[in-house]
Amino acid sequence: MPVFALVDCNSFYCSCEELINPKLKGRPGVVLSNNDGMAVAINRLAKELGIGLDAFHLNRSKWDSMGVWYRSSNYPLYAEMSGRVMSTLKTFSPLVELYSVDEAFLDITGVQDYEAYGRLIKQTIEQWCGIPVSVGIARTKTLAKLANHLAKKSKKNRSGVISLVDSPYMEAALKRVPVQSVWGVGYRWGERLRHNGILTAHDLAMANRNWLLKKFNVVLTRTALELGGTFCLPLNLHPPTSKSIMHSMSFGRLLTELKELRQVLSTYAAASAEKMRREELACTWVYVFLETNRFRDEPQYNPWIKLQLPHATDFTPEITEYALHGLEDIYKDDYRYNKGGVLVHGLIPAGERQTNMFDPWDREKVARINQALDGVNSIFGPGTMRLGSQGFRNSNWRTRANHLSSITAPGKGSEFQHNPRMVELGQSVPLYRSL
Ligand SMILES: [Mg+2]
């Protein structure tokens, strides 16, 4: 029987902000969504004050009076920290499933003392990456999730590590977790189960399998089996490749000029191409759209266009050229646009592209240009080397982020946003790669 550890970063976005600005530690805090609209992450202290995923502009003065810190979301920072946590985890097991940006399952079968190993994982991540984590260990992934949930909540066990492997407390643990908190159950099924008298994880583990299969489906039946200790869900070591990649966002203000929209869509096209190259994919379709603000009482226009490419490609200039052709086709100058985006679709593995004798590009040269572009941008930050059509970094159509964290001198602004490597200069962050 295998043994899995689920390692989950505690309030990940908030922990990253506290890491680069230690003054925030020990205070309630909130990370905001794009355009500083809503809270998307809240730390433990803020949760204890009853703060939820609330609108920023309605709560700002209340939060100020409560001493709550708030930051615009800084995704390059979170991606960098996530990468460090995940590469540190890979030193503990060769079998790691990257489940989300701040969570991973590890196969740790055969370790002598599971709980001690969990404590070592936790301690190492905190020491090397500066991010607090909780660890749940059990014989199935669903139980490891449950153990992790308890490790976060438990007032008695403050170590942040719980192992349910051959544990005498298994039944008590299952009885403590409400059924809707079980991994894979969710709110809707939770309500239906509660309606049928299944209130806790223990009730679900004991439920009649045939009844579950008839009333619900095989997915929930599997969850019940896993809760009962039957191993059903193996690690997913090869996450499925994307079917399509989209970059779209509300603009920092309403846009009417074609020139500005060209900059926006060039930037999104470049970001889509870059992501495709990271996943070693190429696209055969480019889809471009614009939206006006439907909440405003003004003329509405939500056009889109889909363009088929003659050759599958992952080359930024080529994708941008098509996206801009599409934009010119759908653009009308008498509207104020609130949102726009580029979606690349029909993705195939880049290595399986058909060559075409009428292809106007020299593909070997293109591959070298791609390599140079991605190399420079990975060292000096996204957008360092970019097409002229993308405009300047500080263009004011960009999404609002007025409360962005900065590790540079006050007043210097948000250099970190553009240069994730800046954090390597921060003294509080030991660098795993250099160890
Ligand atoms: Mg988390």
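Along the sequence shown, residues carry numbers from 1. Counting starts at 1 for both ligands and their atoms, following the listed order.
- The residues Arg222 and Glu226 are annotated as not salt-bridged, no charged nitrogen and carboxylate oxygen being separated by less than 4.0 angstrom.
- Under the 4.0 Å criterion applied to side-chain N and carboxylate O atoms, Glu17 and Lys25 are not assigned as salt-bridge partners.
- Around the Mg ion (ligand 1), the protein contributes the following N, O or S atoms under 2.8 Å, ordered by chain and number: Asp8 OD1, Cys9 O, Asp102 OD2.
- Using a 30° and 60° split on the angle between ring planes, His403 and Phe56 fall in the perpendicular class, above 60°.
- With Phe231 as the aromatic partner, Arg139 does not meet the cation-pi criteria of under 6.0 angstrom to the ring centre and within 45 degrees of the ring axis.
- Judged by distance alone, the side chains of Ser72 and Asp36 do bring a donor and an acceptor atom under 3.5 Å apart.
- In this structure, Lys141 pairs ionically with Glu97, as a charged nitrogen and a carboxylate oxygen lie closer than 4.0 Å.
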